[in-house]
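Notes to accompany the following structure.
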Amino acid sequence: MSRLRLRPEGSSGRVLHVTPETAGWTYVGFDLHRLRSGAGVTGGEPGREACLVLVSGKARITAAGQDFGIVGGRPSPFEGRPDSVYVPAGAAWNAVGEGPEEAVLAVCTAPGEPGRRTARRIAPDDVTQEVRGNGSNTRHVTNILPETAEADGLLVVEVITPGGNTSSYPPHRHDEDDPPRQTLLEETYYHRLDPPQGFAFQRVYTDDRSLDETMLVEDGDLTLVPRGYHPCATIHGYDLYYLNVMAGPVRSWRFHNDPDHEWIVQTRTG
């Protein structure tokens, strides 16, 4: 199996765990917790901010001394908008599963400056949605922490790609620290499929092909994008959801399309 593809470990508690050290990079961290009713998890790091995203289910969340009550409620990531909590760097947080269905909690982290920001809820009505692409390149985007929202380093977005469609396409990369032309952003993809027995594909490759891996991804997988282009494609009959986490030295998403496939955008067919 590719070193860029992580499978969930176990069926409850923390099932995915990525740190900058384990990923071999500098900025992005990602954990996924499956919390049964009454099961809890705590977190908070001195130099890292967090975005707690309820992928599905409900949890009672406290952060930075504030009680945000019960957050979440959608039955799956394919039904409804996300409910999240932003946690500033250095602040402690706690989440406890609520209700008969388990809570699936994503913990997205990046470097931050303690004392600079305050904790806040990012409710379903607070997020913006957009449609990108057209035809078989159509996908539906929900912006949880776009660069227009307050954060130190995190960029967090959900994408749903209908069955048979491509996404993160035309292939693009953001691995050069050269703003405003391009920004260096590490990235993780947390994948879900509907129905869950489906599968999709993701390729990660560089111009010189020193990195060139094509991965089959299944429900619950996490993929790492340390550099290079990183398109996705899902098969007919199975919708693909992914939760993207990006961070780098500059909190801005500026990318470069693969020149071989730039014509797709220029002719407005992709």
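Predicted model only: the values in this text are computed from it and were never measured. We're numbering straight along the sequence, starting at 1. Below, each value reflects all heavy atoms present in this structure, side chains not excepted, and no hydrogens, waters or symmetry copies.
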Item to complete: Give a yes or no on whether the backbone of G248 and the side-chain of E186 come within a donor-acceptor separation of less than 3.5 Å.
Response: no

Item to complete: Indicate yes or no: at least one non-hydrogen side-chain atom of L224 is less than 4.5 angstrom from one of V18.
Response: yes

Practice prompt. State, with a plain yes or no, whether a side-chain heavy atom of F68 is found less than 4.5 Å away from one of Q66.
Written response: yes

Worksheet item: Is there side-chain contact between P111 and R48, with heavy atoms separated by less than 4.5 Å?
Response: yes

Discussion item. Tell me which one of D126, T128, T148 satisfies side chain to side chain donor-acceptor pair (under 3.5 Å) with N143.
Written reply: T128

Discussion item. Ring-plane angle category for H33 and W93, please: parallel below 30°, perpendicular beyond 60°, tilted otherwise.
Written reply: perpendicular

Discussion item. Does atom CD (E101) have a neighbourhood of more than 12 heavy atoms from anything else shown, all under 6.0 Å?
Written reply: no

Practice prompt. Quick one: do C232 and L240 satisfy side-chain contact (heavy atoms from CB on, under 4.5 Å)? Show the steps, please.
Written response: CA-CA 9 Å; C232 297; L240 173 67; 4.2 Å; yes

Discussion item. With rounding to the nearest 0.5 angstrom, report the OG1 to CZ distance, T234 to F199.
Written reply: 8.5 Å

Discussion item. Closer than 3.5 angstrom, by distance alone: can the side chain of D83 be matched with the main-chain N or O of V71 as a donor-acceptor pair?
Written reply: no

Item to complete: Please determine if R117 and E150 form a salt bridge, counting it only when a charged side-chain N lies under 4.0 Å from a carboxylate O.
Response: yes

Worksheet item: So if you build clusters from Ile, Leu, Val, Met, Phe, Trp, Tyr with side-chain heavy-atom gaps below 4.5 Å, do V245 and Y86 land together?
Response: yes

Practice prompt. Check the pair D239, R192 against salt bridge (charged side-chain N to carboxylate O under 4.0 Å, His left out), reporting the backbone distance first and the verdict last.
Written response: CA-CA 8 Å; D239 294 343; R192 297 291 297 273; over 6 Å; no

Worksheet item: Does atom CG of D208 have more than 12 heavy-atom neighbours, drawn from other residues, nucleotides or ligands, at distances under 6.0 Å?
Response: yes

Practice prompt. Could you pull out the closest heavy-atom pair between E187 and W25, with the gap in Å?
Written response: O-CH2, 3.4 Å

Practice prompt. Decide yes or no on side-chain contact (heavy atoms from CB on, under 4.5 Å) for E102 and S11, but give the supporting numbers first.
Written response: CA-CA 11 Å; E102 70 174 4; S11 58; over 6 Å; no

Fill in: Whether E147 side chain and W253 backbone form a donor-acceptor pair below 3.5 Å
yes

Worksheet entry | Between N137 and T166: side-chain donor-acceptor atoms closer than 3.5 Å | yes

Discussion item. In this structure, would V107 and L35 fall into the same cluster of hydrophobic residues linked by side-chain contacts under 4.5 Å?
Written reply: yes

Worksheet item: Counting N and O atoms only, with roles assigned by atom type, does the side chain of E113 sit under 3.5 Å from a partner on the main chain of D152, one being a donor and the other an acceptor?
Response: no

Worksheet item: At what distance, to the nearest 0.5 angstrom, does CZ of R251 lie from CG of L155?
Response: 5.0 Å

Worksheet item: Would one find more than 12 heavy atoms of other residues, nucleotides or ligands at under 6.0 Å from atom CZ of R81?
Response: yes

Worksheet item: In Å, rounded to the nearest 0.5 Å, how long is the span from OG1 of T26 to CD of E21?
Response: 9.0 Å

Worksheet entry | Pair E176 + R181: basic N to acidic O under 4.0 Å | yes

Worksheet item: Can you name the nearest heavy-atom pair linking P170 to N257, along with the distance?
Response: O-OD1, 3.9 Å

Worksheet, complete the sentence: Of all heavy-atom pairs linking A119 and A64, the shortest is CB-CB, 3.8 Å

Worksheet, complete the sentence: Output for pair (D221 CG, L4 CG), nearest 0.5 Å, gives 12.0 Å

Worksheet item: Is the Y229 ring parallel, tilted or perpendicular to the H256 ring (thresholds 30°, 60°)?
Response: tilted

Listing, residues 157-165 side-chain donor-acceptor contacts under 3.5 Å, not counting sequence neighbours, or none:
{"from": "E158", "atom 1": "OE1", "to": "R74", "atom 2": "NH1", "distance (Å)": "3.3"}
{"from": "E158", "atom 1": "OE2", "to": "R74", "atom 2": "NH2", "distance (Å)": "2.5"}
{"from": "E158", "atom 1": "OE2", "to": "Y241", "atom 2": "OH", "distance (Å)": "2.7"}
{"from": "T161", "atom 1": "OG1", "to": "S167", "atom 2": "OG", "distance (Å)": "3.1"}
{"from": "N165", "atom 1": "ND2", "to": "T138", "atom 2": "O", "distance (Å)": "3.0"}

Fill in: L216 vs F201 side-chain heavy atoms within contact, under 4.5 Å
yes

Worksheet item: When you look at V104 and Y190, which way does the side-chain contact (heavy atoms from CB on, under 4.5 Å) test go after all the steps?
Response: CA-CA 12 Å; V104 179; Y190 170 61; 4.1 Å; yes

Fill in: Connected via hydrophobic side-chain network under 4.5 Å: V53 and F30
yes

Worksheet entry | Rounded distance [0.5 Å steps], CD1 in I144 versus CG in L52 | 11.0 Å

Worksheet item: Given side chains that start at C-beta, do those of P249 and Y27 come closer than 4.5 Å, heavy atoms only?
Response: yes

Fill in: Single-linkage hydrophobic cluster, 4.5 Å side-chain cutoff, L193 and L222 together
yes

Practice prompt. Determine whether I264 and Y169 make a side-chain contact, defined as any pair of heavy atoms from C-beta on separated by less than 4.5 Å.
Written response: yes

Worksheet item: Side-chain heavy atoms under 4.5 angstrom apart, residues restricted to Ile, Leu, Val, Met, Phe, Trp, Tyr: same cluster for V85 and V156?
Response: no

Practice prompt. Hey, could you give me the CE/CG distance between M246 and L184, rounded to the nearest 0.5 Å?
Written response: 12.0 Å

Fill in: Non-hydrogen atoms of D219 and P196 that approach each other most closely
CB-O, 3.4 Å

Worksheet item: R5 side chain to V217 main-chain N or O, any donor-acceptor pair under 3.5 Å?
Response: no

Discussion item. We want to know whether H191 and T223 form a side-chain donor-acceptor pair, criterion being a heavy-atom distance below 3.5 angstrom.
Written reply: yes

Discussion item. Pair R254, L185 - check side-chain contact (heavy atoms from CB on, under 4.5 Å), show working.
Written reply: CA-CA 9 Å; R254 299 293 181 271; L185 294 168; over 6 Å; no

Worksheet, complete the sentence: Shortest non-hydrogen pair, A63 vs V87, comes out as CB-CG2, 3.8 Å

Item to complete: Look at the aromatic rings of Y189 and Y242 and report parallel, tilted or perpendicular, splitting at 30° and 60°.
Response: tilted

Worksheet item: After noting the C-alpha distance and the side-chain angles of D207 and R173, does the key distance pass the salt bridge (charged side-chain N to carboxylate O under 4.0 Å, His left out) rule?
Response: CA-CA 10 Å; D207 289 301; R173 62 179 173 88; 3.4 Å; yes

Discussion item. Could you tell me if the side chain of R14 sits less than 4.5 Å from the side chain of V41, heavy atoms only?
Written reply: no

Response to the item:
Looking only at heavy atoms, the pair that brings R3 and L6 closest together is O-CD1, 4.2 Å

Item to complete: Using modelled atom types only, decide if a donor and an acceptor are shared between the side chain of T183 and the backbone of V250 within a distance under 3.5 Å.
Response: no

Worksheet item: Are the ring centres of H174 and H230 closer than 6.0 Å?
Response: yes

Item to complete: Taking the side chain as every heavy atom from C-beta outward, state whether F78 and P195 have any pair of such atoms under 4.5 Å apart.
Response: no

Item to complete: Flag yes if more than 12 heavy atoms outside Q129 fall under 6.0 Å of its CD atom; otherwise flag no.
Response: yes

